[in-house]
Amino acid sequence: MYKRFPEHFIWGGATSAYQIEGAWNTGGKGPSIWDVFCMIPGKVHNGDTGDVACDHYHRLAEDVALMQQIGLKAYRFSISWPRILPAGRGAVSPQGIAFYNELIDRLLGAGIEPWVTLYHWDLPAALEFELGGWLGDAISDTFADYASVCFHHFGDRVKNWITLNEPWVVAILGYGLGVFAPGRVSNVAPYQAGHNLLKAHAKAVRLYREKYQAPQQGQIGITNNCDWREPHTAAAQDRDAAQRALEYFLAWFADPIYMGDYPECMKTRLGARLPKINAADRELLLGTSDFFGLNHYTTMYAAAAAPGGAAEGSVYGNGGLSEDQDVALSISTDWALTDMNWAVVPWGCRKLLEWIAGRYGNPPLYITENGCAFNDKPENGRVHDPDRIAFFEGYLSEIHQAMQNGVNLRGYFIWSLLDNFEWASGYSKKFGITWIEPDTLRRIPKDSADWYRKVIINNGLII
Ligand code: PNW
């Protein structure tokens with residue numbers, strides 16, 4: 001059976017700066033909060049760091065050739081803020097600009113469209129010390145100033161901008177559960193950080209639209225992440241719990257942009273812990289995304305929990321601050337698990353796409369990340385990863401079905417092009433369609449890379 005995608009569908013691959021670049025203190029780069037976080041004993045598995053990572057900083061040409069070999073139409077990468085502005089603001093590093101100029105030029109030379117994320121979690125450490133990071137009042141203007149430097153230098157060639165990657169992760173894992181940089185534990189800070197992240201996004205978009213969009217002719221949006229939440233039973237209280245969980249996960253960041261305010265359930269439950277969106281904020285935020293960027297990985301059941309009850313079954317904090325939601329999460333024993341313990345549930349992706357289309361008026365949508373970690377190992381110089389191929393086949397089939405059902409999906413980016421630094425899990429979790437050999441850092445495309453190449457050539461699945 002042939003599951004064909006629209007003619008101009010974008011088939012991409014994705015990475016982020018800290019996870020692949022290395023060269024952490026060379027080329028004029030300043031330290032980021034992830035450089036510092038990795039130095040704190042016990043924060044990252046095995047004491048791993050992004051100091052060298054995939055050494056992409058020194059292997060640009062090789063990596064672009066790899067993308068070309070796989071046949072990628074688009075490549076999503078992030079710019080390291082402290083590589084461009086070593087102190088977060090003020091002096092621009094010419095070496096930082098030169099590095100991304102070279103990457104962009106090589107991509108365009110290879111016929112690959114650059115999709116650029118401005119913030120994928122590597123905040124300049126100076127801004128954490130000086131401004132209080134995402135909790136500080138000044139951070140949103142500082143981010144817009146940094147964004148402006150990027151639009152100015154790269155916008156002649158970059159036509160697709162993503163302001164922030166997954167503000168939910170920054171707020172919840174960085175400022176709530178403390179498992180990601182900067183490592184804060186709080187049930188107030190996430191909502192304050194979230195508010196500033198939204199304002200930072202919106203200020204960068206306003207600036208792009210006022211100054212750059214007409215001459216540069218690009219599009220700009222934000223990428224949010226969300227798992228699907230399936231009601232555990234058909235009971236009304238479980239259906240409400242699943243809806244509430246989705247609103248705390250995705251509508252927290254998407255409602256302000258598409259509807260001008262936080263979801264009602266968050267306002268009533270969080271009270272003074274949730275900053276208010278006043279008239280000026282609403283004006284600033286409303287309509288600031290040309291497309292809906294979505295990162296999606298997994299699904300859980302949601303059931304109503306007793307108020308204040310713990311969220312049983314929640315894996316790796318994916319439930320967020322579940323005590324704020326009164327939702328109990330669980331997974332089915334029938335579902336296969338990836339190496340992250342994230343369940344493989346392709347239909348959850350379809351349901352989420354349809355939920356987004358319904359709630360936000362069927363906006364142009366891009367899946368900017370989807371993928372899975374498995375414990376791959378090379379055998380005689382090849383890496384067989386049938387589980388990953390099965391994962392992508394399952395998810396792409398359901399994505400195709402969502403499109404048949406009317407969802408306005410325009411593109412899909414595999415996470416990830418390369419095995420890389422998986423944050424608090426270090427190098428122990430392998431998401432890549434390309435294996436990176438330890439020590440030599442040689443790139444070995446896995447079977448899934450060959451499989452993806454065929455999907456791109458066929459512009460769809462032939463199963
Ligand atoms: C995303 N969660 O992170 C990021 O954008 C990538 O940098 C990362 O490598 C990839 O997904 C795989 O983890 C997430 O707990 C981290 O729900 C945590 C969660 C979701 C996404």
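In listed order, ligands and their atoms are each counted from 1.
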* Within less than 4.0 angstrom of ligand 1, does His120 place any heavy atom? -> yes

* Asked: Does Phe99 have Arg83 sitting over its ring (NZ/CZ under 6.0 Å from centre, angle to axis within 45°)?
  -> yes

* Would you say Glu166 has any N or O atom under 3.5 Å from an N or O of ligand 1, going by distance alone? -> yes

* Asked: So is there a nitrogen or oxygen of Ser16 less than 3.5 Å from a nitrogen or oxygen in ligand 1?
  -> no

* Asked: Near Tyr297, which atoms of ligand 1 are under 4.0 Å from a heavy atom of that residue?
  -> 10 (C), 11 (O), 12 (C)

* Pair Asn420, Tyr427: side-chain N/O donor-acceptor within cut-off below 3.5 Å -> no

* Relative to ligand 1, is Lys429 under 4.0 angstrom through side chain, backbone, both or neither, heavy atoms considered? -> neither

* Asked: Salt bridge check: are Asp63 and Arg59 linked by an N-O gap of less than 4.0 Å?
  -> no

* **Pair Gln192-Tyr175, side-chain donor/acceptor within less than 3.5 Å** => no

* Structure fact -> Numbered in order shown, the ligand 1 atoms found under 4.0 Å of a heavy atom of Asn225 are 20 (C)

* To do: Output all residues satisfying side-chain contact (heavy atoms from CB on, under 4.5 Å) with Ala302, sequence neighbours left out; order by chain, then residue number.
  => Arg229, Ala242, Val327, Leu329

* Asked: Would you say ligand 1 has an N or O under 3.5 Å from any N or O of Trp121?
  -> no

* Give the contacting part of Asn420 toward ligand 1: side chain, backbone, both or neither, where contact means a heavy-atom distance below 4.0 Å. => neither

* Hey, does Trp168 come in under 3.5 Å of ligand 1, counting only N/O atoms on both sides? -> no

* Asked: With a 4.0 Å cut-off, would you call Glu369 and Arg76 a salt bridge?
  -> yes

* Structure fact -> Numbered in order shown, the ligand 1 atoms found under 4.0 Å of a heavy atom of Phe431 are 12 (C), 13 (O)

* Asked: Could Arg388 and Asp447 be called an ion pair, given the rule that one side-chain N must be under 4.0 Å from one carboxylate O?
  -> no

* Asked: Given Thr15 and Ser416, is the side-chain hydrogen bond (donor to acceptor under 3.5 Å, both in side chains) satisfied, shown in steps?
  -> CA-CA 6 Å; Thr15 63; Ser416 176; 5.8 Å; no

* To do: Answer with side chain, backbone, both or neither: which part of Tyr18 has a heavy atom less than 4.0 angstrom from an atom of ligand 1?
  => neither

* Asked: If we only count N/O pairs under 3.5 Å, is Asp227 in contact with ligand 1?
  -> no

* **salt_bridge(Lys267, Asp261) N-O dist < 4.0 Å** => yes

* Before signing off on this row, confirm whether Trp342 and ligand 1 have an N or O atom pair separated by under 3.5 Å. => no

